[in-house]
Amino acid sequence: MKRLLHIIATPREDESRTLQVSQVFLDSFKEKHPDWLIDELNLAKESLPELSMKSVSGKYILLQGKNLFGKSKELWAEIIQHIERFKTADFFLISTPMWNFHIPYMLKHYIDLIVQPHYLFRYTEAGTVEGLVQNKKMLIITSCGGQYGKDQKDLDFQEPYLRWIFNFVGINDISFIHAEGMDMGEEIERKSLETAKSLAKKIASNLAD
Ligand SMILES: Cc1cc2nc3c(=O)[nH]c(=O)nc-3n(C[C@H](O)[C@H](O)[C@H](O)COP(=O)(O)O)c2cc1C
């Protein structure tokens, strides 16, 4: 069974504007792909493992091209589960608001856990990086209080970072939907959500099987 991994990075549940747009996408997606499993990972509810003094050493073992073993592997059991859950998904949907011009800390925490050498990327003999999550699509739905689309694009650190980090692990087919101006009054919010929702519907119905 194919699986869509929906990664949620807002704690606002029913109040969330980002999730309103994602719901429109998911409704159309499910209509078109009734056989897919929707796997929801709500980072606001999940208690992600910490990278502590002890557990972070696993990263350095992997960076040296070695495999995790013994105690280091035990300490990484939960992290490896998250990596596998990500890596084996067939489609990625990320719902994230902008927080302080960037992504919320819970999404950064998740990225710091899953983006690991040997699992999501590797160094080739030529010294280049090869992403190991190949031939998969990602849709990132964001919302923010202000408007950056016109002449303040430089203040949006979210989209360039998310593009870079997921390209780094091999995901090159990434689309974005931004619902901007959420905190600039009801009229702007309404119009912006309307546009974002209709784009979400369009993207879902244009997705190849
Ligand atoms: C901690 C925090 C930081 C925020 N920082 C920004 C920001 O830098 N720029 C911006 O335009 N909006 C910012 N906002 C507003 C949110 O991006 C906006 O309300 C968004 O629609 C919230 O998404 P949600 O309703 O899905 O949770 C921030 C909100 C919070 C709670």
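It should be emphasised that the depicted structure is a prediction, and the values quoted were computed from it without experimental measurement. We count ligands from 1, going down the list as the structure has it; atoms in each ligand are counted the same way.
Within the 3.5 Å criterion, the main-chain N or O of D90 finds no donor-acceptor partner in the side chain of K136.
In terms of protein heavy-atom proximity, atom 31 (C) of ligand 1 is nearest to W99 NE1, 3.5 Å. For atom 9 (N) of ligand 1, the closest non-hydrogen atom on the protein side is Y148 OH, 2.8 Å. S143 OG, 2.7 Å is the protein heavy atom nearest to atom 21 (O) of ligand 1. Here the heavy atom of the protein found nearest to atom 13 (C) of ligand 1 is M98 O, 3.5 Å. Scanning all protein heavy atoms for the shortest distance to atom 8 (O) of ligand 1 gives F101 N, 2.8 Å.
Near T18, meaning under 4.0 Å from one of its heavy atoms, ligand 1 places the atoms 23 (O), 24 (P), 26 (O). Below 4.0 Å from some heavy atom of N100 lie the following atoms of ligand 1, by number and element: 3 (C), 4 (C), 5 (N), 6 (C), 7 (C), 8 (O). Of all atoms in ligand 1, listed by their number and element, those nearer than 4.0 Å to a heavy atom of G146 are 10 (C), 11 (O). For ligand 1, the atoms lying closer than 4.0 Å to a non-hydrogen atom of T10 are 24 (P), 26 (O), 27 (O). Shown in contact with M182 at under 4.0 Å from a heavy atom are these atoms of ligand 1, numbered in order with element: 21 (O). The G145 neighbourhood of ligand 1 comprises atoms 10 (C), 11 (O), 12 (N), 15 (C), 16 (C), 17 (O), 18 (C), with distances under 4.0 Å to a heavy atom of that residue.
A salt bridge does not link E194 to K197: none of the charged nitrogens lies less than 4.0 Å from a carboxylate oxygen. Under a 4.0 Å N-O distance rule, the pair D39/R85 qualifies as a salt bridge.
Between H178 and S143, the side chains place no donor N or O within less than 3.5 Å of an acceptor N or O (distance only, hydrogens not considered). If you check the side chains of S52 and S55, you find a donor sitting under 3.5 Å from an acceptor.
Within the structure, salt bridge (Lys or Arg N to Asp or Glu O under 4.0 Å) pairs that include any residue of residues 44-53 comprise E13-K45 (at least two apart or interchain).
Considering backbone and side-chain atoms together, P97 places no N or O closer than 3.5 Å to any N or O of ligand 1.
Residue-level proximity to ligand 1 for R17 is carried by backbone and side chain together, each with a heavy atom below 4.0 angstrom.
The aromatic rings of F166 and F86 sit parallel to each other, their planes meeting at less than 30°, with 60° as the upper class boundary. Ring geometry, F29 versus H33: the interplanar angle falls from 30° to 60°, so the pair is classed tilted.
Within the set L19, D14, D183, the minimum heavy-atom distance to atom 18 (C) of ligand 1 is found for D183.
Residues Y148 and M98 have side chains in contact (heavy-atom distance under 4.5 Å, counting atoms from C-beta outward).
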